[in-house]
Protein chains: 2
Amino acid sequence: MSDSSSADSPITLHLAYLLAQANREINRQLDARLRAEGVPVEQWRILKLLSDGNGRSMGELAENALLNHPTLTKTIDRMVADSLVYRISDPADRRKVLIYCSDRGKALARKLAPLALDQEAHIVNSYGDKATAQLKRLLETLIERAG
Amino acid sequence: MSDSSSADSPITLHLAYLLAQANREINRQLDARLRAEGVPVEQWRILKLLSDGNGRSMGELAENALLNHPTLTKTIDRMVADSLVYRISDPADRRKVLIYCSDRGKALARKLAPLALDQEAHIVNSYGDKATAQLKRLLETLIERAG
DNA sequence: TGTGAACTATTGAAAATTCAACTTTCCAGC
DNA sequence: GCTGGAAAGTTGAATTTTCAATAGTTCACA
């Protein structure tokens with residue numbers, strides 16, 4: 001009988017590798033569009049998260065923007081310097097700092113949103129409506145399980 | 001009628017975001033296991049790629065290890081310092097540099113492979129055999145289309 | 001055969017990220 | 001009310017990554 005337990009599959013078939021590869025490619029495309037407007041993807045994510053719901057703590061933002069705390073602190077520093085967002089100490093818990101989008105930040109988010117949607121539309125276009133929906137569903141449940 | 005074209009979906013539903021999130025989570029888990037052995041994921045990928053086929057050029061490796069050239073050069077520098085791999089100028093094209101795994105590197109790759117497989121096994125276990133296979137298939141074709 | 005364009009890899013400076021330590025604030029239990 | 005431990009954010013040093021420029025090879029073609 002064949003011994004599949006010792007047949008070590010190439011890394012190109014590992015789930016972790018496939019995810020890294022797909023992520024790299026898709027985010028590279030998105031980054032190219034956004035950088036043409038002078039905005040790195042991390043900042044786009046933050047702007048979009050805030051326009052989905054303004055006024056979030058650093059911890060919440062770090063979690064959702066997929067950044068760890070010190071990185072987020074420094075990214076927010078840059079965005080504050082660019083007047084895209086501002087900090088306000090949370091009156092309900094003064095350990096926390098809440099981040100808000102400025103008008104300038106909101107305007108930028110509105111300008112960038114179509115770029116991101118258009119990129120996704122292009123993918124859906126060449127990849128298929130159903131396949132994309134299915135992929136999203138699978139990713140959502142994977143994240144849910146893994147988290 | 002409802003105007004779905006202007007309904008801007010939250011970023012948590014964007015494909016690029018879902019991929020980034022899933023990738024972060026799965027790779028975080030893998031990284032935790034590998035770092036316990038003192039090896040960052042990038043180095044694991046390189047070791048595994050070389051054990052799948054020894055003697056690759058920097059360009060080929062960069063492509064497959066999902067690293068850009070200068071980053072790979074410096075990563076290989078570290079691995080050479082640790083005697084995991086070595087460089088040989090390609091006799092057929094002296095612009096190229098071929099990377100080979102040392103015996104030490106091969107031994108490390110053999111030691112690490114079960115960790116990576118075991119992690120995947122855990123995912124398959126909680127996530128389901130079919131769902132995993134389906135996800136992999138979708139990712140493969142997405143990468144193919146996007147590339 | 002020799003010249004210039006394209007390709008491969010590396011380098012050094014600049015920028016971003018990470019790690020560990022630190023400050024401030026909150027809260028549970030005494 | 002105090003006190004000590006936990007939580008939230010920030011900081012500075014060290015590491016890593018990135019960008020732009022460089023050096024060495026190869027190849028097409030005049």
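Bear in mind that the values here come from a model prediction, so they are computed numbers and not experimental data.
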Minimum side-chain heavy-atom gap Asn54(B)-Ile99(B) below 4.5 Å: no
Pairwise side-chain contact, His14(A) with Lys48(B), heavy-atom cut-off 4.5 Å (strictly under): yes
Contact under 4.0 Å: Arg94(B) side-chain N or O vs dT26(D) OP1/OP2: yes
Between P of dA16(C) and CG of Leu67(A), the distance in whole Å: 12 Å
Length of the CD1-P vector between Ile76(A) and dG9(D), whole Å: 11 Å
Check: Ile123(A) and Gln119(A) side chains under 4.5 Å, non-hydrogen atoms: yes
Check: dC26(C) base within 3.5 Å donor-acceptor of Arg95(A) side chain: no
Rounded interatomic separation in angstrom, taking CE from Met79(A) and C1' from dA16(C): 15 Å
Presence of donor-acceptor pair under 3.5 Å, side chain of Lys74(B) and base of dG12(C): yes
Asp77(A) CG - dT18(C) C1' separation (whole Å): 16 Å
Residue whose closest nucleotide on DNA chain D lies nearer the 5' end, Glu60(A) versus Arg35(A): Glu60(A)
Thr73(A), nearest nucleotide to its side chain (from dA9(C), dC26(C), dT11(D)): dT11(D)
Any Arg56(B) side-chain nitrogen or oxygen under 4.0 Å from OP1 or OP2 of dT8(C): no
Of the listed nucleotides dT25(C), dG9(D), dA16(C), the one nearest the side chain of Lys96(A): dG9(D)
Separation of atom NE2 in His69(B) from atom P in dC7(C), rounded to whole Å: 12 Å
Whole angstrom value for the distance that separates P of dT17(D) from CG of Leu66(B): 13 Å
Atom-to-atom span, CE of Met58(A) to P of dA7(D) - whole angstrom: 19 Å
Distance, rounded to the nearest Å, where Asn68(B) contributes CG and dA15(C) contributes C1': 14 Å
Student check: side-chain heavy atoms of Leu72(A) and Asn68(A) closer than 4.5 Å: no
Comparing Arg78(A) and Asp93(A) on DNA chain C - which has the more 5′ nearest nucleotide: Arg78(A)
Per Pro70(A) side chain, nearest of listed nucleotides dA6(C), dC19(C), dG9(D): dC19(C)
For the student: nearest non-hydrogen atoms of Asn23(B) and Ala20(A), plus distance: OD1-CA, 3.2 Å
